[in-house]
There are 2 protein chains.
Amino acid sequence: MNEKTRQRRPAFDREAGVAIAQALFHERGYDGVSLADLTEAMDIKPPSFYAAYGSKAELFERAMLRYAQENALPLDDLLAPDRPPAEALSALLLAAAKQYGRHSLLRGCMITEGMRANDQVARQMARNLGNGGLQAIRAYLDQVHPRGAQALADYMAVTLRGLSAAACNGMSRKRLIEVAQVAGRFLSREMDADQSTSAS
Amino acid sequence: MNEKTRQRRPAFDREAGVAIAQALFHERGYDGVSLADLTEAMDIKPPSFYAAYGSKAELFERAMLRYAQENALPLDDLLAPDRPPAEALSALLLAAAKQYGRHSLLRGCMITEGMRANDQVARQMARNLGNGGLQAIRAYLDQVHPRGAQALADYMAVTLRGLSAAACNGMSRKRLIEVAQVAGRFLSREMDADQSTSAS
DNA sequence: CGCACTATGTAGTATCCACTACATATTTTA
DNA sequence: TAAAATATGTAGTGGATACTACATAGTGCG
């Protein structure tokens, strides 16, 4: 249990290996990274890899969890119930645009893009993780804007996926942010109008 | 030239082969379809395949061109210059949503999703084709709504990509259409407001 | 009818894939 | 210090990949 005292030969740091895998998977996607790529980047041999992580898919899951903890959008903060809903959603889109276009290599959302893997196991892992975030948005909207919550949540899902895809295809951070701002302005207008009128 | 009289042993119809490939590539993506899948579906052997199409990537390009001719959104009609711009863009989003969710297997935009292929050659082919459509939207906006044309074109690109991605991930046609309608309403509000005021 | 041509099927190529059996070297425990 | 446990490196597994050399069967043209 006390892994701290265990001064075993460094061999290799498994958490560091997860971080390396996270970067590779984020940059090239699950299918774009081979086991040879991973073992070379970690400077280990395949047997050590499997002893440590079990399989490529399991490591991908650990890398996505690490990504979620480190890089995922802080939905709980952004979607605080006491914020004006349109402002909260706009802030979420803006935060996503900023993050998706931040690095030149690590573009888009690792989890959103992971949903497109050719490997079925990896794809399902990514979907399970990604759906969690979407459900959080849905739950938030059910509370603060129950009328049309589904449509608004779907709009957010589509826009977030679009931002991630556009980022992966090279759209600059500046332009991503502008799109998020446009969408945020749309949301503000729509939800303000929705407060005063009852039917379009 | 007169291919009709050429009663050559049926062997196999190359255009029909492109159609088969189009369906397979659309359903599973470039990397998700192997040469064995293609030759089996066309009921031919690899040598016939290469004699007819040159390579997997070349066939993918032909399949995308076929898709563009048959299924791509009729941008010229949708983006008629004499239409109210917001209405034209809304119609484009709606047409995309309807098409992306039409079939249960052939979901999303074949070209947009092709941009995510792991194979670099295929990816570049898809990007070249897809960028054509986006440039058409940009050119249209430069004409009818020059102020903020870039931001609006980027917004359309992001939303179209998002609709395609959401369709691939299983969002129902009904919900896709609702998202397109929400976005269309946003565009109408924004562009109407933009006509009367000069600063937000 | 016979020759030249073309597309075909058989059977492979080399390469990459994720993954593993086995013996060795290092570390922890007794 | 000796034995047990563990992670390592060497080397290789079967299978899938895109693609092809070669002989043959079917074709149109003379």
Side-chain angles (χ1 to χ4, degrees), chain A residues 1-18 20-21 24-25 28-64 114 117-126, chain B residues 1-18 20-21 24-25 28-64 114 117-126:
Chain A
M1 277 299 175
N2 50 350
E3 286 155 327
K4 293 289 170 64
T5 60
R6 201 171 168 187
Q7 268 301 105
R8 172 184 286 283
R9 185 261 288 257
F12 83 99
D13 182 342
R14 277 127 207 264
E15 277 308 315
V18 176
I20 292 173
L24 283 177
F25 283 134
R28 303 187 222 161
Y30 181 80
D31 306 296
V33 180
S34 73
L35 217 29
D37 295 330
L38 290 165
T39 53
E40 185 183 2
M42 298 182 190
D43 194 29
I44 59 174
K45 307 295 174 184
S48 304
F49 178 95
Y50 283 93
Y53 305 115
S55 73
K56 184 186 170 188
E58 287 178 60
L59 175 59
F60 181 60
E61 188 167 39
R62 286 186 62 175
M64 280 194 296
N118 284 103
D119 184 279
Q120 173 182 304
V121 175
R123 190 170 58 232
Q124 195 56 50
M125 287 172 172
Chain B
M1 275 299 177
N2 51 350
E3 285 154 327
K4 294 285 170 67
T5 61
R6 200 168 167 190
Q7 268 300 106
R8 173 184 285 281
R9 187 261 288 256
F12 83 98
D13 182 341
R14 276 126 207 261
E15 277 308 314
V18 176
I20 292 173
L24 283 177
F25 282 134
R28 302 186 221 159
Y30 181 80
D31 307 296
V33 180
S34 73
L35 217 32
D37 294 331
L38 290 165
T39 54
E40 186 184 2
M42 298 181 190
D43 194 29
I44 59 173
K45 308 296 175 183
S48 303
F49 179 94
Y50 284 94
Y53 305 115
S55 72
K56 183 186 171 189
E58 287 178 60
L59 175 60
F60 181 60
E61 189 167 38
R62 288 185 60 173
M64 280 194 297
N118 285 105
D119 184 280
Q120 172 182 300
V121 175
R123 189 170 58 232
Q124 197 55 50
M125 287 172 172

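Per chain, numbering begins at 1; letters A, B, ... match sequence-line order.
Rounded to a whole Å, the CD atom of B:Glu40 is 16 Å from the C1' atom of C:dG9. Put simply, CE on B:Met42 is 17 Å from C1' on C:dG9, counting in whole angstrom units. Rounded to whole Å, atom C1' of D:dT17 lies 11 Å from atom OH of B:Tyr30. One atom, OH of B:Tyr53, and another, P of C:dT8, lie 10 Å apart when rounded to the nearest Å. In this structure, CG of A:Asp31 is placed 13 Å from P of D:dT17, rounded to the nearest angstrom. Taking atom CZ of B:Arg14 as the reference point, atom C1' of C:dT8 lies 11 Å away to the nearest angstrom. Taking atom CG of residue A:Leu38 and atom C1' of nucleotide C:dC16, one finds them 15 Å apart after rounding to whole Å. With rounding to whole Å, A:Leu35 atom CG is found 18 Å from D:dA16 atom P.
Closest to the A:Lys56 side chain, of the nucleotides D:dT20, C:dA18, D:dC19, is C:dA18. Which of C:dT20, D:dT17, D:dC19 sits closest to the side chain of A:Pro46 comes down to C:dT20. Closest approach to the A:Tyr50 side chain among D:dT8, C:dT20, D:dT20 is made by C:dT20 (side chain taken as heavy atoms from C-beta onward).
Side-chain N or O atoms of B:Tyr53 include none that pairs as donor or acceptor with a backbone N or O of B:Phe60 at under 3.5 Å.
Taking 4.5 Å as the limit, some side-chain heavy atom of A:Arg62 sits within range of a side-chain heavy atom of A:Glu15. Using a 4.5 Å heavy-atom cutoff, the side chains of B:Phe49 and B:Leu59 are in contact. Within the 4.5 Å cutoff, no side-chain heavy atoms of B:Met125 are placed close to those of B:Tyr30.
In terms of phosphate contacts, A:Ser34 brings a side-chain nitrogen or oxygen within less than 4.0 Å of OP1 or OP2 of C:dC17. Here A:Ser48 reaches the OP1 or OP2 of D:dT8: one of its side-chain N or O atoms lies under 4.0 Å away. Taking 4.0 angstrom as the limit, B:Lys45 places none of its side-chain polar atoms (N or O) nearer than this to OP1 or OP2 of C:dT8.
When each of B:Phe49 and A:Phe49 is assigned the nucleotide of DNA chain D with its nearest heavy atom, A:Phe49 is the one assigned upstream, toward the 5' end.
Salt bridge annotation for B:Asp37-B:Arg28: present, with a cationic side-chain nitrogen under 4.0 angstrom from a carboxylate oxygen.
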